[in-house]
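Values below: every heavy atom of this structure, side chains too, minus hydrogens, waters and symmetry copies. Residue numbers start from 1 in every chain, and the chains themselves are labelled A, B, ... in the order their sequence lines are given, proteins ahead of strands.
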Amino acid sequence: MKSIVKFVVTLGLISAITGGALAVVYNITKPIIAAQDLKTLNEGLSKVFAGDYKFEKLDKPLQSIDPNLTIGDCFLVKNASGLVDGIVITVNSPGSQGLITMLVGVKKDGTISGVSILSLSETPGLGANADNPTYYVNKSTKTTFLQQFIGKSFKDAFTVKQDVIPLTAATITSKAVSLGVKIALDIGHSYLEEAGK
Amino acid sequence: MSYLVNLAKIFVSSTIINNIVLIQFLALCSYVGLTDNLSSTLGMSYAVIFVTVSSGILAWTIDHWILIPTGLQPALQITAFILVIGSFVGLVEMYLKKASPNLYKAMGIYLPLIATNCLILGVTFINSIHNYDFIESVVSSFGVPLGYMLAMVMLAGIRERLRNSEIPQFFKGKAIAFMITGILALAFLGFAGMIK
Amino acid sequence: MRDIIISVLTIGGFGAIFGLLLGVFNEKFKVEEDPLFKAIYEVLPHGECGACGFPGCHPCAQAIAEGTVPLTACVVGGDEVAQKIKKILAQQKAMSMN
Amino acid sequence: MKKKISIFWQAIIPNNPVLIIEIGLCSVIAVSNSVKSALLMTFAFSMVQIPSNIIVSSMRKIIPNEIRVPVFVTVIAAFTTITALISRAYFTAVYEAIKLYILLVVVNCIIIGRAEAFAYQNNVFDSFIDGVGNTIGYGVVLLAIAIVRELLGKGTLAGIQILPESFQPVLIMVLPPGGFLMIGVLVGVLETYLRKKEGKK
């Protein structure tokens with residue numbers, strides 16, 4: 001009987017202390033991390049929709065059409081004269097070791113203006129090359145893995161090895177990224193279609 | 001109907017196509033260590049299946065009922081999951097010590113190592129990344145350790161046959177096990193892409 | 001502040017529940033460890049290296065206690081460990097004789 | 001003092017965590033395809049292994065034997081998350097570099113292996129030495145494999161082009177099966193070396 005009490009107290013107490021310490025550190029670092037994330041978000045937005053655009057966050061993220069992929073914040077892209085030129089959608093797609101969070105810019109004509117990765121935790125040297133600015137899928141034109149999506153339209157198939165050149169030895173990551181881009185494109189395009197009417 | 005197809009897809013992909021050992025390369029510590037005889041392999045696989053399924057279910061409930069609504073997921077997720085897994089391993093250790101001492105003896109150091117076994121934590125992470133609902137995560141928590149068992153039994157079988165064949169002195173013991181695992185991993189690469 | 005309470009209660013709560021479960025399991029599945037095995041296990045270097053052919057020091061100590069392997073089974077421990085085991089075995093024999 | 005050096009030396013060659021005890025393989029296979037990742041992984045590994053050995057060893061008196069596993073893993077996991085959060089907030093450059101490896105370190109069997117086999121039975125200073133020894137033992141193996149895999153797989157070494165352009169890279173070396181073959185060779189080399197040493201003694 002005595003050992004039961006000893007176990008409950010030791011394990012309970014140590015877990016409570018670790019839980020408390022985790023929460024304290026999390027609360028202290030949360031604002032700083034949030035500020036950093038905002039900075040990366042803004043950089044990503046300007047990369048995806050180059051030019052002087054204003055980004056207006058929608059109050060409710062759009063509905064995902066694939067259960068495995070979750071949609072984050074969406075931003076309406078307004079040009080200098082206040083007209084809507086497109087939409088940027090945050091999409092989380094499951095990679096091999098973790099979630100890949102991407103910003104996908106969709107123009108009014110249903111083509112992709114740009115893709116940028118906010119966070120990913122793929123295998124270094126293999127999957128991580130998706131975000132590597134010096135890793136070229138097409139050496140002659142020096143286009144990186146993400147740049148190959150620019151200009152593709154919602155009519156394309158987005159299948160790896162056919163109209164999407166994969167990363168060497170990282171098919172899971174390549175599929176995850178192209179699926180994420182395709183879903184974001186479909187959702188964005190249909191949203192813009194309704195908004196346009 | 002398509003929900004059942006989806007479940008079947010998850011099951012097949014977790015056991016064979018994304019086999020945790022040969023494709024995702026997790027849980028290698030106990031995989032190579034224990035496969036010199038078949039009995040400890042099977043014993044280990046049953047223990048891993050039990051701990052994975054029970055941890056998978058509890059981890060999913062913690063994640064969806066406590067961590068996500070309170071927004072504490074980035075801070076507590078790893079610790080909460082590992083506490084659950086470590087405790088289940090503790091329970092299995094006590095049960096095995098009593099129920100089948102020789103199996104407990106055969107597993108030795110590898111039993112506590114299941115706790116940080118990349119496989120179980122891997123499964124809880126896969127369930128959380130793929131945003132599985134309850135039933136899907138149960139299927140995946142069952143499929144992944146089955147894939148582990150499949151890979152282990154294959155290697156154990158091969159190594160048992162190797163015992164009565166002459167291997168060069170250099171490769172005796174664990175070195176040949178790594179070579180075989182490398183070749184098995186190559187074979188399993190063939191499955192990639194079976195599911196669209 | 002709310003986060004801290006929630007996380008202390010969650011992790012602490014589950015820790016306590018599992019402490020209880022582990023305690024009950026420990027009582028229900030009590031196994032009297034044979035003292036000889038315990039003494040030998042204490043002496044082994046716990047490198048868990050498997051050089052003796054067993055997956056870890058627990059099974060190796062068990063085998064030495066049962067006598068299925070020579071007391072020099074622990075390769076890494078070398079003769080320093082072997083001497084200690086010999087002393088333990090000698091004490092054990094002396095105790096069981098009188 | 002001699003005992004201290006022997007703990008240190010044990011952890012690097014005779015009791016090398018990766019090649020002899022064969023734990024921590026998951027991260028070795030995944031990360032050893034380039035020298036840069038090998039070095040960053042060893043750095044991330046040291047940030048968790050050394051402090052965790054110290055914490056576990058300082059708590060060893062108050063933890064009953066039966067529940068040592070849940071307590072160790074919880075403390076190690078919590079400690080890793082705290083290091084990750086702090087480094088993400090205050091040392092962003094470092095965090096960006098080792099972000100991918102932190103997840104691999106939490107899952108790494110060496111840390112719980114050393115906590116269970118060594119830190120639970122020895123005092124804090126010895127555990128610290130064992131932690132450092134194991135980090136070096138781990139790092140040396142990782143580097144050895146990474147050098148060969150990157151040279152054959154990409155023809156470069158730490159990103160610098162070594163082999164001439166005409167060299168057709170052996171893709172399998174970059175793929176995980178290549179990692180297995182490399183570990184197999186290294187285990188063979190080390191065991192023959194130890195067997196010869198045994199024979200001579």
Starting at [atom1] of [X], measure out to [atom2] of [Y] and round the result to the nearest 0.5 Å.
| X | Y | atom1 | atom2 | value |
| --- | --- | --- | --- | --- |
| D/Arg68 | B/Glu93 | CZ | CD | 4.5 Å |
| B/Leu91 | D/Ile67 | CG | CD1 | 11.5 Å |
| D/Phe180 | B/Leu184 | CZ | CG | 9.0 Å |

Task: Interface residue of largest heavy-atom contact number with chain D, from B/Ile183, B/Thr181, B/Leu22, B/Val84, under 4.5 Å - done: B/Thr181

[X] versus [Y]: any side-chain heavy-atom pair under 4.5 Å?
| X | Y | answer |
| --- | --- | --- |
| B/Thr79 | D/Thr74 | yes |
| B/Gln77 | D/Thr81 | no |
| B/Ile78 | D/Thr80 | no |

Checking heavy atoms, do the side chain of [X], its backbone, both or neither come under 4.5 Å from chain B?
| X | answer |
| --- | --- |
| D/Val28 | neither |
| D/Val185 | both |
| D/Leu181 | both |

TODO: Write down the atom of D/Val69, the atom of B/Gly86, and the distance for their closest heavy-atom approach.
DONE: CG1-O, 4.0 Å

- [ ] I would like to know whether B/Phe178 and D/Val187 meet side-chain contact (heavy atoms from CB on, under 4.5 Å); could you show each step before the answer?
- [x] CA-CA 9 Å; B/Phe178 283 113; D/Val187 165; 3.8 Å; yes

Open item on the list: Does D/Phe8 have more than 12 heavy atoms from other residues, nucleotides or ligands lying within 6.0 Å of its CZ?
Closed with: yes

TODO: Under 4.5 Å heavy-atom distance to chain D, tell me which part of B/Phe125 shows up: side chain, backbone, both or neither.
DONE: side chain

